[in-house]
Amino acid sequence: MSKYEASTLKKGLQILELLKINRSLTLREIYEMLGLTKTTAFRLVNTLEDMDYIQKNGKYFELNSGMFLSTSERKSSIDWTTLQSPYRLGVSVGENVHIGTLDGMELVMQQMIKPPFKEPFHQEIGNRSPAHQSAIGKVILAHLNPNEQKDLFSHLSLTQATEHTFVDPELFFHHLNVIKKQGFAIDDEERFLGVRCIAAPVFRDKQIIAAVAIAGPSESMKRSILRSLTRKMIDGSKEITNEIS
(Lines give C-alpha, C1' and ligand atoms only; values in the text may rest on other atoms or scores of the structure.)
Protein backbone atom coordinates (compact mmCIF):
# COMPACT_ATOMS: atom_id res chain seq x y z
CA MET A 1 0.00 0.00 0.00
CA SER A 2 1.26 3.46 -0.88
CA LYS A 3 2.02 5.62 2.13
CA TYR A 4 -0.31 8.22 0.65
CA GLU A 5 -3.25 5.84 0.24
CA ALA A 6 -6.27 6.59 2.41
CA SER A 7 -7.71 3.23 3.42
CA THR A 8 -11.15 4.58 4.39
CA LEU A 9 -11.53 6.37 1.07
CA LYS A 10 -10.45 3.23 -0.75
CA LYS A 11 -13.06 1.14 1.05
CA GLY A 12 -15.77 3.68 0.20
CA LEU A 13 -14.78 3.60 -3.48
CA GLN A 14 -14.81 -0.19 -3.39
CA ILE A 15 -18.41 -0.08 -2.18
CA LEU A 16 -19.35 2.22 -5.07
CA GLU A 17 -17.62 -0.09 -7.55
CA LEU A 18 -19.39 -3.09 -6.03
CA LEU A 19 -22.79 -1.43 -6.39
CA LYS A 20 -21.98 -0.42 -9.95
CA ILE A 21 -21.48 -4.08 -10.82
CA ASN A 22 -24.26 -5.63 -8.70
CA ARG A 23 -26.82 -2.77 -8.80
CA SER A 24 -28.29 -3.44 -5.36
CA LEU A 25 -26.90 -5.17 -2.28
CA THR A 26 -27.77 -5.57 1.37
CA LEU A 27 -25.40 -4.38 4.09
CA ARG A 28 -24.50 -8.00 4.84
CA GLU A 29 -23.69 -8.71 1.20
CA ILE A 30 -21.45 -5.63 1.08
CA TYR A 31 -19.38 -6.44 4.16
CA GLU A 32 -19.08 -10.12 3.25
CA MET A 33 -18.03 -9.43 -0.35
CA LEU A 34 -15.43 -6.85 0.71
CA GLY A 35 -14.26 -8.62 3.85
CA LEU A 36 -15.23 -5.72 6.11
CA THR A 37 -16.61 -5.78 9.61
CA LYS A 38 -20.29 -5.03 9.93
CA THR A 39 -19.54 -1.85 11.90
CA THR A 40 -17.11 -0.53 9.28
CA ALA A 41 -19.50 -1.29 6.42
CA PHE A 42 -22.40 0.33 8.27
CA ARG A 43 -20.37 3.50 8.85
CA LEU A 44 -19.22 3.69 5.25
CA VAL A 45 -22.60 3.11 3.60
CA ASN A 46 -24.26 5.63 5.90
CA THR A 47 -21.65 8.23 4.98
CA LEU A 48 -22.13 7.51 1.27
CA GLU A 49 -25.89 7.70 1.72
CA ASP A 50 -25.65 11.03 3.59
CA MET A 51 -23.60 12.40 0.69
CA ASP A 52 -26.18 11.11 -1.85
CA TYR A 53 -23.74 8.80 -3.62
CA ILE A 54 -25.95 5.83 -2.78
CA GLN A 55 -29.56 5.40 -1.75
CA LYS A 56 -31.39 2.84 0.31
CA ASN A 57 -34.57 1.06 -0.77
CA GLY A 58 -35.84 -1.27 1.90
CA LYS A 59 -32.82 -3.33 2.96
CA TYR A 60 -30.95 -2.76 -0.33
CA PHE A 61 -28.34 -0.12 -1.14
CA GLU A 62 -28.04 1.22 -4.71
CA LEU A 63 -26.00 3.80 -6.57
CA ASN A 64 -27.61 7.19 -6.99
CA SER A 65 -26.91 7.38 -10.73
CA GLY A 66 -27.77 11.08 -10.92
CA MET A 67 -24.75 11.95 -8.77
CA PHE A 68 -22.40 10.79 -11.51
CA LEU A 69 -23.70 13.16 -14.20
CA SER A 70 -22.76 16.79 -14.70
CA THR A 71 -25.50 19.40 -14.36
CA SER A 72 -25.81 19.73 -18.12
CA GLU A 73 -25.95 15.95 -18.56
CA ARG A 74 -28.72 15.67 -15.97
CA LYS A 75 -30.74 18.20 -17.94
CA SER A 76 -30.06 16.98 -21.46
CA SER A 77 -29.51 13.24 -21.44
CA ILE A 78 -30.52 10.11 -19.59
CA ASP A 79 -28.87 6.72 -19.68
CA TRP A 80 -32.02 4.72 -19.12
CA THR A 81 -30.07 1.50 -18.56
CA THR A 82 -28.46 2.86 -15.38
CA LEU A 83 -31.71 3.62 -13.55
CA GLN A 84 -32.48 1.48 -10.52
CA SER A 85 -36.24 1.94 -10.16
CA PRO A 86 -37.18 -0.11 -13.27
CA TYR A 87 -35.49 -3.13 -11.69
CA ARG A 88 -37.62 -2.75 -8.57
CA LEU A 89 -40.71 -2.52 -10.75
CA GLY A 90 -39.75 -5.73 -12.53
CA VAL A 91 -39.24 -7.61 -9.27
CA SER A 92 -42.56 -6.27 -7.98
CA VAL A 93 -44.67 -7.44 -10.94
CA GLY A 94 -42.61 -10.35 -12.26
CA GLU A 95 -43.01 -9.29 -15.90
CA ASN A 96 -40.73 -7.72 -18.51
CA VAL A 97 -40.11 -3.99 -18.11
CA HIS A 98 -39.71 -1.67 -21.10
CA ILE A 99 -38.84 2.03 -21.36
CA GLY A 100 -39.39 3.83 -24.66
CA THR A 101 -39.13 7.30 -26.14
CA LEU A 102 -40.73 8.89 -29.18
CA ASP A 103 -38.88 9.73 -32.39
CA GLY A 104 -41.38 11.12 -34.85
CA MET A 105 -44.13 8.52 -35.07
CA GLU A 106 -41.79 5.72 -34.02
CA LEU A 107 -41.23 4.30 -30.58
CA VAL A 108 -37.56 3.70 -29.72
CA MET A 109 -36.79 1.13 -27.03
CA GLN A 110 -34.33 2.59 -24.49
CA GLN A 111 -34.38 -0.14 -21.87
CA MET A 112 -35.71 -3.65 -21.44
CA ILE A 113 -35.32 -5.89 -18.42
CA LYS A 114 -36.32 -9.52 -18.15
CA PRO A 115 -36.38 -11.88 -15.16
CA PRO A 116 -34.31 -12.26 -13.01
CA PHE A 117 -34.00 -8.45 -13.43
CA LYS A 118 -30.22 -8.25 -13.06
CA GLU A 119 -29.16 -6.49 -16.28
CA PRO A 120 -30.54 -4.89 -19.46
CA PHE A 121 -31.70 -7.12 -22.29
CA HIS A 122 -29.50 -5.42 -24.87
CA GLN A 123 -30.92 -7.25 -27.89
CA GLU A 124 -34.11 -5.18 -27.68
CA ILE A 125 -32.56 -1.79 -26.93
CA GLY A 126 -32.69 0.51 -29.96
CA ASN A 127 -35.53 -1.37 -31.65
CA ARG A 128 -38.17 0.76 -33.35
CA SER A 129 -41.88 0.22 -33.91
CA PRO A 130 -44.95 2.30 -34.86
CA ALA A 131 -45.97 4.33 -31.80
CA HIS A 132 -49.70 3.73 -32.16
CA GLN A 133 -49.33 -0.06 -31.84
CA SER A 134 -48.05 -0.14 -28.24
CA ALA A 135 -49.10 1.05 -24.80
CA ILE A 136 -45.81 2.94 -24.44
CA GLY A 137 -46.30 4.82 -27.69
CA LYS A 138 -49.95 5.55 -27.00
CA VAL A 139 -49.34 6.96 -23.53
CA ILE A 140 -46.61 9.28 -24.87
CA LEU A 141 -48.80 10.47 -27.75
CA ALA A 142 -51.68 11.09 -25.34
CA HIS A 143 -49.59 13.36 -23.11
CA LEU A 144 -48.02 15.53 -25.83
CA ASN A 145 -49.05 19.15 -25.92
CA PRO A 146 -51.70 20.03 -28.57
CA ASN A 147 -49.21 21.60 -31.01
CA GLU A 148 -46.93 18.54 -30.92
CA GLN A 149 -49.93 16.25 -31.35
CA LYS A 150 -51.20 18.24 -34.33
CA ASP A 151 -47.82 18.14 -36.04
CA LEU A 152 -47.30 14.41 -35.47
CA PHE A 153 -50.82 13.40 -36.37
CA SER A 154 -50.52 15.11 -39.74
CA HIS A 155 -48.01 12.35 -40.59
CA LEU A 156 -49.87 9.58 -38.81
CA SER A 157 -50.38 6.26 -40.57
CA LEU A 158 -52.31 3.70 -38.54
CA THR A 159 -50.75 0.56 -39.94
CA GLN A 160 -52.27 -2.66 -38.67
CA ALA A 161 -50.24 -5.29 -36.81
CA THR A 162 -53.05 -7.47 -35.46
CA GLU A 163 -56.83 -7.51 -35.58
CA HIS A 164 -56.81 -5.45 -32.37
CA THR A 165 -54.66 -2.55 -33.66
CA PHE A 166 -56.36 0.86 -33.85
CA VAL A 167 -56.76 1.77 -37.54
CA ASP A 168 -59.59 4.33 -37.37
CA PRO A 169 -58.13 7.85 -36.72
CA GLU A 170 -61.24 9.23 -35.01
CA LEU A 171 -61.50 6.25 -32.68
CA PHE A 172 -57.78 6.40 -31.97
CA PHE A 173 -57.88 10.11 -31.04
CA HIS A 174 -60.77 9.42 -28.66
CA HIS A 175 -58.76 6.55 -27.18
CA LEU A 176 -55.80 8.90 -26.54
CA ASN A 177 -58.06 11.34 -24.68
CA VAL A 178 -59.20 8.51 -22.41
CA ILE A 179 -55.57 7.49 -21.81
CA LYS A 180 -54.60 11.02 -20.78
CA LYS A 181 -57.51 11.27 -18.34
CA GLN A 182 -56.81 7.91 -16.70
CA GLY A 183 -53.01 8.29 -16.69
CA PHE A 184 -52.09 4.94 -18.25
CA ALA A 185 -52.49 2.91 -21.44
CA ILE A 186 -53.13 -0.74 -22.15
CA ASP A 187 -52.05 -2.60 -25.27
CA ASP A 188 -54.39 -5.58 -25.48
CA GLU A 189 -52.73 -7.69 -28.18
CA GLU A 190 -52.52 -4.66 -30.47
CA ARG A 191 -48.96 -5.32 -31.64
CA PHE A 192 -48.48 -9.02 -30.87
CA LEU A 193 -51.22 -11.59 -30.41
CA GLY A 194 -51.07 -13.18 -26.98
CA VAL A 195 -49.21 -10.25 -25.38
CA ARG A 196 -50.62 -7.58 -23.05
CA CYS A 197 -48.88 -4.43 -21.94
CA ILE A 198 -49.58 -1.63 -19.44
CA ALA A 199 -47.72 1.69 -19.72
CA ALA A 200 -47.54 4.94 -17.76
CA PRO A 201 -45.83 8.26 -18.52
CA VAL A 202 -42.42 9.43 -17.35
CA PHE A 203 -42.00 13.19 -16.93
CA ARG A 204 -39.15 15.66 -16.60
CA ASP A 205 -39.85 19.33 -15.86
CA LYS A 206 -43.56 18.50 -16.23
CA GLN A 207 -43.05 17.40 -19.85
CA ILE A 208 -43.47 13.82 -20.98
CA ILE A 209 -40.16 12.43 -22.21
CA ALA A 210 -40.74 8.67 -22.12
CA ALA A 211 -43.01 5.92 -20.87
CA VAL A 212 -42.43 2.73 -18.94
CA ALA A 213 -44.37 -0.48 -19.43
CA ILE A 214 -44.73 -3.99 -18.17
CA ALA A 215 -45.53 -6.66 -20.72
CA GLY A 216 -46.19 -10.36 -20.67
CA PRO A 217 -48.29 -13.20 -22.03
CA SER A 218 -52.04 -12.63 -21.80
CA GLU A 219 -52.28 -15.87 -19.80
CA SER A 220 -50.21 -14.38 -16.97
CA MET A 221 -51.43 -10.78 -17.35
CA LYS A 222 -55.07 -11.79 -17.04
CA ARG A 223 -57.77 -9.13 -17.21
CA SER A 224 -58.75 -10.01 -13.62
CA ILE A 225 -55.39 -8.71 -12.29
CA LEU A 226 -54.88 -5.74 -14.63
CA ARG A 227 -56.16 -3.29 -12.03
CA SER A 228 -53.61 -4.31 -9.41
CA LEU A 229 -50.82 -4.39 -12.02
CA THR A 230 -51.84 -0.92 -13.20
CA ARG A 231 -51.47 0.50 -9.69
CA LYS A 232 -47.95 -0.93 -9.46
CA MET A 233 -47.21 0.38 -12.95
CA ILE A 234 -48.26 3.93 -12.07
CA ASP A 235 -46.24 3.83 -8.84
CA GLY A 236 -43.25 2.57 -10.82
CA SER A 237 -43.51 5.36 -13.38
CA LYS A 238 -43.58 7.94 -10.58
CA GLU A 239 -40.46 6.36 -9.07
CA ILE A 240 -38.65 6.69 -12.41
CA THR A 241 -39.80 10.29 -12.78
CA ASN A 242 -38.40 11.02 -9.33
CA GLU A 243 -35.12 9.25 -10.10
CA ILE A 244 -34.42 11.34 -13.20
CA SER A 245 -35.57 14.65 -11.72
Do H132 and F166 have ring centres separated by under 6.0 Å?
-> no
For residues 35-46, please give each side-chain donor-acceptor pair under 3.5 Å, one per line with the distance, not counting sequence neighbours.
{"unit_1": "T37", "atom_1": "OG1", "unit_2": "T40", "atom_2": "N", "d": "3.1"}
{"unit_1": "T37", "atom_1": "OG1", "unit_2": "T40", "atom_2": "OG1", "d": "2.8"}
{"unit_1": "N46", "atom_1": "ND2", "unit_2": "F42", "atom_2": "O", "d": "2.7"}

Check: H174 side chain, E170 main-chain N or O, donor-acceptor pair, under 3.5 Å | no
Any donor-acceptor pair under 3.5 Å linking the side chain of Q149 with the backbone of L141?
-> yes
Using atom types as modelled, flag every donor-acceptor pair under 3.5 Å from a side chain in residues 227-235 to any protein atom, sequence neighbours excluded.
{"unit_1": "S228", "atom_1": "OG", "unit_2": "I225", "atom_2": "O", "d": "2.9"}
{"unit_1": "T230", "atom_1": "OG1", "unit_2": "L226", "atom_2": "O", "d": "2.7"}

Output the distance between atom OG (S237) and atom CD1 (I198), rounded to the nearest 0.5 Å.
-> 11.5 Å
Check: E219 main-chain N/O paired with K222 side-chain donor or acceptor under 3.5 Å = yes
Of L63, L25, I30, T47, which meets side-chain contact (heavy atoms from CB on, under 4.5 Å) against I15?
-> I30
With sequence neighbours excluded, residues passing side chain to side chain donor-acceptor pair (under 3.5 Å) with S24 = none
Between E124 and K114, is there a salt bridge with N-O shorter than 4.0 Å?
-> no
Do E106 and R128 meet the salt-bridge criterion of a basic N to acidic O distance under 4.0 Å?
-> yes
Given the rule in the salt bridge (Lys or Arg N to Asp or Glu O under 4.0 Å) test, do R88 and E62 qualify, once you have shown the distances and angles that lead to the verdict?
-> CA-CA 11 Å; R88 294 193 292 273; E62 303 167 345; 2.5 Å; yes
How long is the span from the CZ atom in F203 to the CD1 atom in I209, to the nearest 0.5 Å?
-> 10.0 Å
side-chain contact (heavy atoms from CB on, under 4.5 Å) between N64 and Y53: does it pass, once the steps are laid out?
-> CA-CA 5 Å; N64 178 5; Y53 284 103; 6.0 Å; no
Side-chain donor-acceptor contact under 3.5 Å, S220 with E95 = yes
Derivation and outcome, side-chain contact (heavy atoms from CB on, under 4.5 Å), residues F61 and Q55 = CA-CA 6 Å; F61 291 94; Q55 54 196 11; over 6 Å; no
Enter the distance from L34:CG to K11:NZ here, rounded to the nearest 0.5 Å.
-> 10.0 Å
Would you please say whether a donor-acceptor pair under 3.5 Å links the side chains of T81 and E119?
-> no
Side chains of Q110 and T101: do they bring a donor and an acceptor to under 3.5 Å?
-> yes
Indicate if L156 and I140 have the same hydrophobic cluster label, given that clusters are the connected sets of ILVMFWY residues with side-chain heavy-atom separations under 4.5 angstrom.
-> yes
Sidechain N-carboxylate O distance under 4.0 Å for E190, K138 = yes
